[in-house]
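For reference, the structure is listed below as structure tokens.
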Amino acid sequence: MKIINLGTKELASFYVACELFKQMDEYPNSNLGLATGGTMTNVYEHLVSLLKKNQLDVSKITTFNLDEYVGLEPEHNQSYHYYMNQILFNQYPYFNRQNIHIPNGDVSNLDEEVKRYNQIIESEGPIDVQLLGIGENGHIGFNEPGTDFDSETHVVDLTESTIKANSRYFNHESEVPKQAVSMGLQSIIKAERIILLAFGEKKRQAINNLLTQPISEDIPSTILKTHANVEIYVDDAAAPDVD
Ligand code: PGA
């Protein structure tokens, strides 16, 4: 596991956008695992700019998003469908919509949705590059503390910590959905290369825990220590303590 402090969110986001661009340029059939949240916004902004400037053909790229809230329709402005459309897919509208996969949290039968998403990952994977953020409680995707390391896509009860952290994107904490559909830890760990980003003081403890705590389902991010190809990019504020 490599940890690299690139100083600022801006620089780290540009670096990661370049890495994604290079992957798509060199391997036009790539499978990308995409993440959402405040951490990722600048990455997508830079990526869109690189795609536009170079008019890259993305028609054979396949994308898999990590998660989606239960109960929000895709048009809801806090859904991850909306986020991805606003920030990437509508900005560079040359992705093949058939190849864009995001779990749907707005369905009557969540069990079927979970199966459907697992089958897609199974038949079209593995993921070449997986982007990840990290929760203050160490979650990756929406895999909260205690999630089985063997988990595939599943329905998650969001913890108080996550609901509180994500309330900054909603008008009121009571509006934050209580559940989500998330790619599981086993699905994430199957990716060939994993890039995790963490910015700001609030993520520093999560990064310290990931680096110093034993591998345990109590801290989902520690599963990354079992993977051979993980890079973590941080800014000064999220950089781990040095002894
Ligand atoms: P954030 O979320 O980027 O909005 O901080 C990251 C996460 O919870 O995984």
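First listed ligand is number 1; within each ligand, the first listed atom is number 1. Computed from a predicted structure; not experimentally measured. Position 1 is the first residue of the sequence; numbering continues from there.
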Worksheet item: By number and element, which atoms of ligand 1 are closer than 4.0 Å to a non-hydrogen atom of G37?
Response: 3 (O), 4 (O)
Worksheet, complete the sentence: Nearest non-hydrogen contact to atom 9 (O) of ligand 1 from the set R168, K202, H139 belongs to H139
Fill in: Heavy-atom side-chain proximity of L6 to V16 below 4.5 angstrom
no
Practice prompt. Using the six-membered ring wherever Trp is involved, compare the ring planes of F14 and H46 and label them parallel, tilted or perpendicular (cut-offs 30° and 60°).
Written response: perpendicular
Worksheet entry | Reference residue V181; test side chain to side chain contact (heavy atoms under 4.5 Å, CB included); the match among V70, L66, D67 | V70
Discussion item. Exactly one of K178, Q179, E144 should register a side chain to side chain contact (heavy atoms under 4.5 Å, CB included) with L158. Which one does?
Written reply: E144
Fill in: Parallel, tilted or perpendicular: ring planes of F142 versus Y69, cut at 30 and 60 degrees
tilted
Item to complete: Considering only non-hydrogen protein atoms, determine which one is nearest to atom 3 (O) of ligand 1 and report residue, atom name and distance to 0.1 Å.
Response: T39 OG1, 2.4 Å
Worksheet entry | Polar contact flag for G38 and ligand 1 (N/O pairs, less than 3.5 Å) | yes
Practice prompt. Take every heavy atom of F142, measure it against each atom of ligand 1, and state whether any distance is under 4.0 Å.
Written response: no
Discussion item. Within the 4.0 Å heavy-atom shell around G133, which atoms of ligand 1 are there?
Written reply: 9 (O)
Worksheet item: Is there a donor in the side chain of N109 and an acceptor in the side chain of E113, or the other way round, less than 3.5 Å apart?
Response: no
Fill in: Under-4.0 Å heavy-atom contact with ligand 1, by part of I134 that carries it
backbone
Discussion item. Whether the S174 and H172 side chains hold a donor-acceptor pair (N or O, under 3.5 Å, no angle test) is what I'd like checked.
Written reply: yes
Discussion item. For atom 2 (O) of ligand 1, tell me which residue out of M40, E136, K203 has the closest non-hydrogen atom.
Written reply: K203
Worksheet item: Who's the nearest protein heavy-atom neighbour of atom 4 (O) of ligand 1, and how far?
Response: Y169 OH, 2.6 Å
